[in-house]
Chemist: 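Below is the structure I would like to discuss, written out as structure tokens.
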Amino acid sequence: MVVLLLTMVCGVHICIFFLKHLNTSKTMIKFLNIEVIDHHNESCPVPHLEQWEIPYVHYPQPQTFKRNECSCNPVRYFAILSMQRSGSGWFETLLNNHTNVSSNGEIFSIPDRRRNVSSILKNMDKVYNLDWFSSASKNECSAAVGFKWMLNQGLMENHEEIVKYFKKRGVSAIFLLRRNLLRRMISVHANIYDKDTKQLNGTHKSHVHSPLEAQILATYKPKLNATLLIPELKQDEETAAKAMQYFNTTRHIVVYYEDVINNRTKLNEVQDFLRLPHRELRSRQVKIHTTPLSNQVQNWGDVQKTLKGTSYESFLADYQISSSAPL
């Protein structure tokens with residue numbers, strides 16, 4: 001009788017153990033299936049990926065068209081984070097010169113698209129779902145899709161939600177910054193002047209494609225406020241540093257305009273970052289300011305005097321820039 005009782009008790013314990021194990025296994029299988037569905041189309045061959053890459057590989061299903069034979073081509077998501085007149089327009093044309101890249105421009109330059117966090121996230125969903133149409137759209141066969149985002153277009157104010165979104169959706173950030181912030185400042189002033197005067201036959205152009213147009217725009221020499229020069233340079237420096245700090249926990253790369261124009265192999269690093277096959281990337285944009293810095297500002301003596309002996313003195317130095325690079 002005792003033996004029979006012990007046998008029954010053991011049987012109950014074994015049954016409970018197996019039931020618990022079965023339930024746990026079902027939960028694990030469900031979880032794993034969710035992960036696979038998020039990052040892989042089950043009807044497609046499994047790509048050869050390193051473990052860390054999996055969250056950054058996607059198979060979007062657009063609402064506005066079908067990817068057809070490219071439906072099994074994995075897509076990477078990216079965003080170019082930059083400041084006005086830092087070479088981001090030129091940099092984006094280089095990326096778009098790649099057969100498999102669609103970078104859709106400065107989508108948040110229109111205030112209504114960034115009026116609140118919900119609007120920002122909704123527009124990003126549209127881009128990454130391949131439902132955003134622009135002249136750069138490669139549509140069904142894109143291997144990397146993204147857009148250009150200026151730091152003053154709602155990015156800094158909503159950085160917490162945007163960082164969460166980047167992590168959840170597997171978006172990689174490309175910081176495109178300028179080392180010489182004085183050159184950027186001169187370009188900003190010149191661009192503002194052309195917005196008002198429209199020097200090219202009554203049309204404002206931020207970027208040009210002919211040496212003649214570049215020469216016309218370069219004739220304007222701004223007069224910089226020497227009193228505000230250092231505070232404004234410091235503010236630009238701090239804004240860029242703060243942005244990199246905000247997005248430090250995302251997958252990102254920092255690219256400097258000067259490094260790209262003086263060493264085009266830097267573009268290979270960007271292509272590697274996006275896991276793209278290397279291509280020789282070209283742009284039709286032409287550089288506007290090609291003369292020495294001393295010839296680009298009305299009050300160069302004041303600028304020189306203000307920056308001498310400060311941490312910004314290095315900005316006074318000239319360096320060789322290819323004429324094929326803009327700004």
Side-chain angles (χ1 to χ4, degrees), residues 31 34-40 51-64 74-86 88-89 91-92 95-96 101-134 136-137 142-178 235-256 270 273-275:
F31 173 77
I34 291 171
E35 290 296 308
V36 171
I37 290 169
D38 279 346
H39 300 293
H40 180 60
Q51 190 65 29
W52 68 266
E53 289 184 87
I54 295 174
Y56 303 99
V57 174
H58 311 276
Y59 296 85
Q61 297 179 2
Q63 301 296 311
T64 50
V75 180
R76 269 82 173 180
Y77 300 158
F78 69 89
I80 303 167
L81 310 184
S82 189
M83 302 169 75
Q84 283 83 354
R85 313 310 293 172
S86 295
S88 61
F91 180 77
E92 187 177 45
L95 284 187
N96 277 326
V101 176
S102 294
S103 190
N104 292 281
E106 213 169 301
I107 68 170
F108 291 117
S109 62
I110 298 174
D112 189 56
R113 293 175 182 167
R114 60 176 196 266
R115 66 183 181 275
N116 53 45
V117 173
S118 297
S119 180
I120 289 172
L121 302 186
K122 181 180 177 181
N123 281 295
M124 285 198 290
D125 279 343
K126 194 173 179 181
V127 170
Y128 296 130
N129 203 45
L130 305 186
D131 285 318
W132 190 282
F133 293 106
S134 71
S137 300
S142 294
V145 63
F147 62 95
K148 187 173 61 158
W149 202 346
M150 299 296 103
L151 302 187
N152 63 353
Q153 293 173 350
L155 183 74
M156 302 293 279
E157 300 89 333
N158 301 288
H159 68 273
E160 291 182 356
E161 291 300 321
I162 295 164
V163 166
K164 288 178 185 175
Y165 180 94
F166 278 20
K167 289 182 175 181
K168 181 181 178 181
R169 294 297 306 271
V171 179
S172 299
I174 302 173
F175 281 98
L176 191 282
L177 303 172
R178 197 158 186 168
Q235 183 179 13
D236 290 346
E237 192 176 55
E238 289 176 349
T239 298
K242 192 178 290 184
M244 287 190 285
Q245 181 184 352
Y246 286 160
F247 287 82
N248 189 46
T249 57
T250 66
R251 182 175 183 261
H252 66 277
I253 184 174
V254 180
V255 182
Y256 288 97
V270 177
F273 178 72
L274 295 175
R275 312 301 278 179

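All values below were derived from every heavy atom in this structure, side-chain atoms included, with hydrogens, water molecules and symmetry-related copies excluded. Model, not experiment: these values are computed from the prediction.
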Chemist: Tell me whether Asn104 contacts the main-chain N or O of Phe147 through its side chain, where contact means a donor paired with an acceptor under 3.5 Å.
Modeler: no

Chemist: Answer with yes or no after comparing the ring centroid distance for His58 and Tyr128 against a 6.0 Å cut-off, counting only values under it.
Modeler: no

Chemist: With a 4.5 Å cut-off on side-chain heavy atoms, are Thr64 and Leu130 touching?
Modeler: no

Chemist: So, do Ser86 and Phe91 sit near enough that their side-chain heavy atoms are less than 4.5 Å apart?
Modeler: no

Chemist: Which residues satisfy the side chain to side chain donor-acceptor pair (under 3.5 Å) test with Tyr165, sequence neighbours excluded?
Modeler: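 Only Asp125, Arg169 meet the side chain to side chain donor-acceptor pair (under 3.5 Å) criterion with Tyr165.
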
Chemist: Report yes if some heavy atom in the side chain of Lys242 is under 4.5 Å from a heavy atom in the side chain of Leu151; otherwise report no.
Modeler: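 Side chain of Lys242 against side chain of Leu151, heavy atoms only: no contact under 4.5 Å found.
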
Chemist: Got a second to check how far Asn116's CG is from Glu161's CD, nearest 0.5 Å?
Modeler: 11.5 Å

Chemist: Okay, side chain of Ser119, backbone of Arg113: is any donor-acceptor separation there less than 3.5 Å?
Modeler: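 Such a contact is found between Ser119 side chain and Arg113 backbone.
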
Chemist: Does Val117 offer a backbone N or O that forms a donor-acceptor pair with the side chain of Asn158 under 3.5 Å?
Modeler: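 Pair absent, no side-chain N/O of Asn158 close to backbone of Val117.
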
Chemist: Counting C-beta onward and ignoring hydrogens, is there a side-chain heavy-atom pair between Tyr77 and Pro60 closer than 4.5 Å?
Modeler: yes

Chemist: Does any non-hydrogen side-chain atom of Phe108 lie less than 4.5 Å from one of Leu155?
Modeler: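 Counting from C-beta outward, Leu155 and Phe108 never come under 4.5 Å.
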
Chemist: Is any side-chain heavy atom of Ser118 less than 4.5 Å from a side-chain heavy atom of Leu121?
Modeler: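 Sidechains of Leu121 and Ser118: no contact.
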
Chemist: Could you measure the distance from the OG atom of Ser82 to the CD1 atom of Ile174? Nearest 0.5 Å is fine.
Modeler: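 Answer for the OG-CD1 pair, Ser82 versus Ile174, is 11.0 Å.
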
Chemist: Can you classify the ring geometry of His252 versus Phe175 as parallel (below 30°), tilted (30 to 60°) or perpendicular (above 60°)?
Modeler: perpendicular

Chemist: Around Glu157, counting heavy atoms of other residues, nucleotides and ligands shown, do more than 12 lie under 6.0 Å from its CD?
Modeler: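 Yes, the 6.0 Å shell around CD holds more than 12 heavy atoms from other groups.
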
Chemist: Decide whether Lys167 and Thr249 meet the rule of one side-chain donor and one side-chain acceptor closer than 3.5 Å.
Modeler: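 Indeed, the side chains of Lys167 and Thr249 share at least one donor-acceptor pair under 3.5 Å.
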
Chemist: For the atom pair CD1 (Ile162) and CD1 (Ile120), what is the distance rounded to the nearest 0.5 Å?
Modeler: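 Between Ile162 CD1 and Ile120 CD1, I get 5.0 Å after rounding to 0.5 Å.
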
Chemist: Which of parallel (below 30°), tilted (30 to 60°) and perpendicular (above 60°) describes Tyr246 and His159?
Modeler: parallel

Chemist: Below 4.5 Å, heavy atoms only, C-beta onward: do Arg251 and Phe166 meet side chain to side chain?
Modeler: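 Not touching, per the 4.5 Å side-chain cut-off.
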
Chemist: Would you check if Pro74 and Tyr59 make a side-chain contact, meaning some heavy-atom pair closer than 4.5 Å?
Modeler: yes

